[in-house]
Amino acid sequence: MRTYAELFAVREFRNLFLANCAGIAAHTTSALALGALTYAATGSALLTALSMFGAPLAGVLGSLTLLSAADSVPPRRALTLAALLATAGAALQAVPGLPLWARFAVIFANAYVGSVAGGARWALLTDIVRVDAYVLARATMNTSVGVMQIAGFGLAGVLLVWLSPYQVFLLALALRAVSAAVGWFGLAERPARATGRVTVARTHLVNRTLWADPGRRSLLLNLWVPGGLIVGCEALFVPYAGERAGFLLAAAALGMLIGDVVVGRFLTPARRERWVHPLRLLLAVPYLAILLSPPLPVAMAVALIASVGYAATLPLQERLIAHSPPEARGQVLGLHGNGMLAAQAVCAALAGAAADLVAPSRAVALVAAAALAATVALTPGLRRTAPGTAPLPRAGGGDSGEPTRSGPATTVR
C-alpha cells in the first residue's frame, strides 16, 4: 500500500479519517468560541490560553489512570463512547450562563476521555491497514489534523463575527454528532486487544513494564522531548513577530505538511530509516538562526524548513509499534500521544518564561539549542531499536494480571 488511492480504497480507513476530521473541526471551533467567552468574562490572557490549549494536560492524568482501556475495551465502542461524551460536552457549552468553572471542567473531562480513546484510535489504525502501511496512514491522518485545525479556527473566526459563541458551540455539537455516527456505523466491531478489567492498577502495571525497557523508553523520550522543545520555539512566534506571527505559524504548518507527505508517501522503509537522524537534527538546527533576528521572510523559511523535521516521528512511531507487544499497542501509542502533548504544553510554558527574561529571539535560540542538545543526547538509545534488532519483550500476560492477547488482529487490506 504505497498510494493515497490504495489507502482510501479501504472503507474503514475512510470512515476513521472522516470521523477524526469532524472531531478535530469540532474541537477547534469550540476552542475559539470558548476562548472568546473566557476573555470577555475575565480579561485574562492566561485563562484564555488555558481554555484553548490547556486541555491536553489532562492527558497526563489519563495516562496514569485508565489508559489500559485503550486495549481492554473494543475499539469501536471506545471511540464512539468518547465521541458521544464530547457531543454531550459541546451541548453543555452551548448553554448560556454556564459558569466558567463548569466550562473548564467540561473541556478537561473531554480531554481526559480523549487521552484514553486516542490510544485506541492509533492502535485501530494498525488493524485497519497493514503494519507496513502505518506510516502512510498516520501521515495522512496528521495532514488532516493540520488542515482541519486551520479550517476550524478560520471558520470559527468568521462565524464569531456574525454569531454568538453559543451558536458556534451548536456547530461543534453537530460536528461531534457526525464523528460519533461515522465511527459507530463505519467501523467494524473488533474484540478488545487484552482481557481483564480496566483498572488504575492495570494501567500502572503496563506503564511500568513498557517504561522499564530501555529501547521503548528511548523511543518515547525521543518522541516527546525534542519536538516538545521546538513547539516551545513556536510558542514564541507572537512575542517575536507580533501581529505577523500568523505568517510564521502558517510556514511551520506548511513545513509539517511537506514532511508528512514526503516521508509518508514517497520514502521506502529503508530510506525512512536513513533519514531519521538528519530529520531529527533538521527540527532544531534552523531555529538557531533566529538569534540574529532575521527579517520575516527569512524567519518564515526557518520555520518551514525546521518543521519538515517533525516527520522524523513517523519512522520512530514505526519502530515503537514494531518493538511493542500487540496486546498493549493502544496503551503504548496512547503514552506516546499524551506524553507528546504534555511535553508541548510544558515546553511552551518554559519558553514563555525564558522570553520574559531575555529577548524573544534569544529565547527561541536558547530553546532550539536545548532541543539540539536533547536530540544528540538521546541518539545513542535509538540503537537498541534499529532495524534488525530483536523485538522487545511482551508487556506480560496470564495470571499476574498483565494484558494478554484476546485473538489475532484483524487486518483489512
Side-chain angles (χ1 to χ4, degrees), residues 7-8 10-28 55-56 58-59 62-63 66-87 110-131 133-149 175-176 178-194 198 203 223 260 264 313-314 317-318 320-321 324 326-342 409-412:
L7 183 63
F8 280 97
V10 180
R11 173 180 172 273
E12 279 194 283
F13 177 80
R14 292 198 307 270
N15 291 327
L16 186 66
F17 180 87
L18 289 174
N20 196 56
C21 284
I24 295 296
H27 172 75
T28 51
S63 296
L66 299 181
L67 188 56
S68 59
D71 295 301
S72 301
V73 177
R76 184 177 75 153
R77 299 180 198 177
L79 295 178
T80 303
L81 177 60
L84 289 174
L85 291 174
T87 303
N110 283 339
Y112 174 80
V113 175
S115 70
V116 176
R121 177 182 297 106
W122 303 127
L124 176 61
L125 189 60
T126 65
D127 291 340
I128 292 176
V129 301
R130 297 192 305 267
V131 172
Y134 175 82
V135 167
L136 175 62
R138 184 64 188 260
T140 305
M141 297 285 278
N142 290 351
T143 301
S144 73
V145 170
V147 171
M148 295 312 297
Q149 284 179 337
L175 289 168
R176 291 291 190 188
V178 169
S179 178
V182 172
W184 180 254
F185 293 106
L187 298 175
E189 183 71 15
R190 289 176 170 82
R193 291 177 172 275
V198 178
T203 297
L223 286 163
D260 282 334
T313 63
L314 293 171
Q317 288 177 55
E318 198 170 27
L320 188 62
I321 291 172
S324 294
E327 72 276 7
R329 190 171 287 168
Q331 187 156 342
V332 75
L333 290 174
L335 278 175
H336 156 236
N338 297 337
M340 179 184 66
L341 292 173
T410 303
T411 302
V412 178

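Side chains are part of it too, since the values below use all heavy atoms of this structure and drop only hydrogens, waters and symmetry mates.
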For a quick test of reading the model, state the closest non-hydrogen atom pair linking [X] to [Y] and the distance between them.
X    : Y    : result
R76  : W184 : NH1-O, 2.7 Å
A117 : A78  : CB-O, 4.3 Å
E12  : A188 : OE2-N, 2.7 Å
S144 : F17  : CB-CE1, 3.3 Å
V135 : G264 : CG1-CA, 3.8 Å
V178 : A22  : CG1-CB, 4.2 Å

Go through the steps for L314 and N142 under the test side-chain contact (heavy atoms from CB on, under 4.5 Å), then give the verdict. CA-CA 10 Å; L314 293 171; N142 290 351; 3.8 Å; yes
Non-hydrogen side-chain atoms of [X] and [Y] separated by less than 4.5 Å:
X    : Y    : value
E327 : D71  : no
V332 : I321 : no
L187 : P75  : no
D127 : R193 : yes
R329 : S324 : no
I128 : R190 : yes
M340 : L223 : no

Is a side-chain donor or acceptor of T126 paired with a backbone partner of A123 at a separation under 3.5 angstrom?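 Here the side-chain-to-backbone pair exists.
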Let me confirm one number: the [atom1]-[atom2] distance from [X] to [Y], rounded to the nearest 0.5 Å.
X    : Y    : atom1 : atom2 : value
L16  : W122 : CG    : CH2   : 7.0 Å
Y134 : M141 : OH    : CE    : 9.0 Å
N20  : N15  : CG    : CG    : 12.5 Å
R121 : L124 : CZ    : CG    : 9.5 Å
R138 : T313 : CZ    : OG1   : 7.5 Å
L125 : T140 : CG    : OG1   : 9.0 Å

